[in-house]
Amino acid sequence: MDAETKREASGGAGGGTDGPRPRSVRVVLLALMIAMLLAMLDNMIIGTAMPTIVGDLGGLEHLAWVVTAYTLATAASTPIWGKLGDLYGRKRVFMTSIVIFLIGSALSGMAQDMGQLIAFRAVQGLGAGGLMVGVMAIIGDLIPPRERGKYQGMMAGVMAFAMIAGPLVGGFITDHWGWRWSFYINLPLGVVALIAVSAVLHLPKPSREGRSARNIDYLGATLLTVGITAIVLVTTWGGTEYAWGSAVIMELIAIGVASLIGFLFVQTRAAEPVIPLHIFRNRNFTLMSVIGFFTGFVMFGAVLFLPLYQQSVQGASATNSGLLLLPMLGAMLAVSMIAGRVTTGSGRYKVFPVVGSVLMIVGLFLLAQMDTGTSRVTSGVFMAVLGAGMGCLMQITMLVAQNSVEMKDMGVASSTTTLARTLGSSFGVAIMGALFNSRVQDVMTERAGALGSKVTEQSAQLDAASLAKLPVAAREAYQYAVASGTHSAFLLGAVLAVVALVAAVFVKEVPLRGAGGSGPEEAGSGAAGAKETMAV
């Protein structure tokens with residue numbers, strides 16, 4: 001074990017080791033995948049349990065905050081967790097995030113009213129912000145970029161499993177054990193991950209030279225938190241709780257813009273900035289953040305509207321809603337594994353962002369062509385094209401971003417890339433959702449008159465039970481309206497995905513750091529890194 005520990009430490013410091021991965025690293029990777037699963041699976045499970053939770057605790061008017069509190073805390077804390085990992089060591093910070101997540105899970109399961117549940121979900125989200133960042137940064141420490149591609153399939157597999165199994169597991173737990181176990185189920189999994197990380201993970205301690213609690217950028221962290229919170233609230237409330245032009249939304253936009261401008265100003269003067277702006281001087285890192293933003297925009301928009309279309313227009317059951325996404329997620333998993341193997345074998349990666357962006361545009365355009373007569377087989381093929389595109393992009397963006405910075409900035413690089421994808425998903429759900437709802441309302445008014453307008457005045461999204469109660473004419477009008485709404489949403493996604501393609505074209509193929517060293521020229525940062533870039 002001592003020899004393996006030394007080899008792991010060497011890998012963390014230098015970005016890799018020669019020879020096969022030691023068994024202890026494989027154990028750590030398993031623990032990291034469990035932690036990643038916890039962060040991704042939670043919202044999927046809770047979504048299924050929400051009707052039962054409301055029936056037990058009441059507070060229907062505050063229902064949205066159960067998800068919003070978690071999302072806000074996760075997004076706001078993500079960059080701070082990354083910086084703390086760089087300052088004080090990733091193992092300690094990662095274990096802290098697991099503990100906070102488990103505390104939040106336990107408290108959420110014991111909540112006695114909706115107010116308590118919302119508060120405890122915020123605690124849970126605070127821990128979740130460190131889980132994803134910790135996983136990505138630790139993998140960046142343990143495994144050099146040249147070898148990291150072969151592990152992409154594991155991460156893509158966890159993501160696909162969470163999206164497919166989440167609703168099924170949530171429904172089973174709620175029906176057989178009660179909704180509180182939707183939270184308690186996290187505890188045994190989290191404890192296993194905590195024990196494995198504590199016993200087996202060994203990373204070199206970061207240099208403390210010039211670093212102390214006094215140097216932490218508290219002002220920058222506060223401004224960033226306020227700015228992200230305002231942005232997420234705008235995308236969450238805009239067009240639903242409040243009109244886009246309402247005073248509340250305008251005030252939130254002003255607060256968000258002012259906070260982020262102030263944050264950028266503070267980062268230029270802080271001794272230990274939360275997000276060092278120098279990392280954006282690297283072209284590849286900036287481009288990967290842009291691609292990650294639009295990948296998140298498209299992916300979560302697709303996850304929202306595809307099941308809705310299949311349930312409302314194609315008559316699919318809502319019970320197995322996760323299975324409806326299987327063509328997209330299966331293609332994403334398969335392509336991600338292939339991309340990882342090719343990258344590991346050849347060290348070349350630029351082709352994947354370019355091809356992935358093209359496939360994403362094509363897939364979205366094809367999905368925009370769906371109407372009331374589109375078969376499930378046809379829509380499945382269209383979803384597979386989109387999934388293949390995302391499979392080329394999901395993990396490659398993180399790999400290239402991490403390869404573009406020095407090891408000391410691995411945490412902030414991972415957290416910034418994760419934050420870009422998170423914000424992209426928030427904007428995607430909000431903007432595509434607003435366009436979808438507006439289109440559905442307009443078409444229902446055109447086709448069903450006053451009845452159509454009345455049917456959708458509360459929400460443009462009807463569940464299966466409500467849809468079955470509608471008169472035949474209104475139901476057919478609604479199905480046409482949903483098809484029209486998804487057409488508009490996916491067409492917008494295809495247009496915006498062009499930005500990702502443009503960004504991918506300008507990526508420079510910097511050699512991936514391999515086992516045995518990570519000099520400045522291999523890191524791809526600074527002047528030396530720029531000299532080593534090579535175009536494809």
Residue pair [X] / [Y], side-chain heavy-atom distance below 4.5 Å:
X: M288; Y: T416; value: no
X: M110; Y: F183; value: no
X: L223; Y: V266; value: yes
X: M328; Y: M390; value: yes
X: L32; Y: L201; value: no
X: D141; Y: M410; value: yes
X: I185; Y: V169; value: no
X: F263; Y: V226; value: no

Under the 3.5 angstrom rule, does the side chain of [X] hit a backbone N or O of [Y] as a donor-acceptor pair?
X: Q395; Y: S336; result: no
X: R121; Y: G104; result: no
X: Q267; Y: G220; result: no
X: T343; Y: A339; result: yes
X: R421; Y: M394; result: yes
X: W81; Y: G127; result: no

Going from [atom1] on [X] to [atom2] on [Y], what distance comes out if it is rounded to the nearest 0.5 angstrom?
X: L57; Y: T52; atom1: CG; atom2: OG1; answer: 10.5 Å
X: W181; Y: H176; atom1: CH2; atom2: NE2; answer: 15.0 Å
X: T235; Y: I249; atom1: OG1; atom2: CD1; answer: 9.0 Å
X: Q402; Y: F285; atom1: CD; atom2: CZ; answer: 9.5 Å
X: L87; Y: I80; atom1: CG; atom2: CD1; answer: 12.0 Å
X: L187; Y: I103; atom1: CG; atom2: CD1; answer: 10.5 Å

### Message
How about CZ on F280, more than 12 heavy atoms from neighbouring residues, nucleotides or ligands closer than 6.0 Å, or not?
### Response
yes
### Task
Determine, stepwise, if the pair N186 / Q124 fulfils side-chain contact (heavy atoms from CB on, under 4.5 Å).
CA-CA 11 Å; N186 294 328; Q124 197 182 20; 3.4 Å; yes
So, for [X] and [Y], which heavy atoms are closest and what is the spacing to 0.1 Å?
X: G411; Y: D86; value: N-OD1, 2.8 Å
X: N284; Y: S404; value: CB-OG, 3.4 Å
X: A401; Y: A413; value: O-CB, 4.4 Å
X: A31; Y: V197; value: CB-CG2, 3.8 Å

#### Entry: From CA spacing to verdict: side-chain contact (heavy atoms from CB on, under 4.5 Å), S182, T174
CA-CA 7 Å; S182 297; T174 303; 3.8 Å; yes
#### Entry: Candidate pair M114 and V66, rule side-chain contact (heavy atoms from CB on, under 4.5 Å), full reasoning
CA-CA 8 Å; M114 191 62 76; V66 176; 3.5 Å; yes
### Query
Between F305 and F436, what is the ring plane arrangement, given parallel below 30°, perpendicular above 60°, and tilted in between?
tilted
### Task
Determine the interplanar angle of the F427 and F293 rings, folded into 0 to 90°, and report it as parallel if under 30°, tilted if 30 to 60°, perpendicular if over 60°.
tilted
#### Entry: side-chain contact (heavy atoms from CB on, under 4.5 Å) evaluation trace for I231 with L260
CA-CA 10 Å; I231 290 173; L260 294 179; 3.5 Å; yes
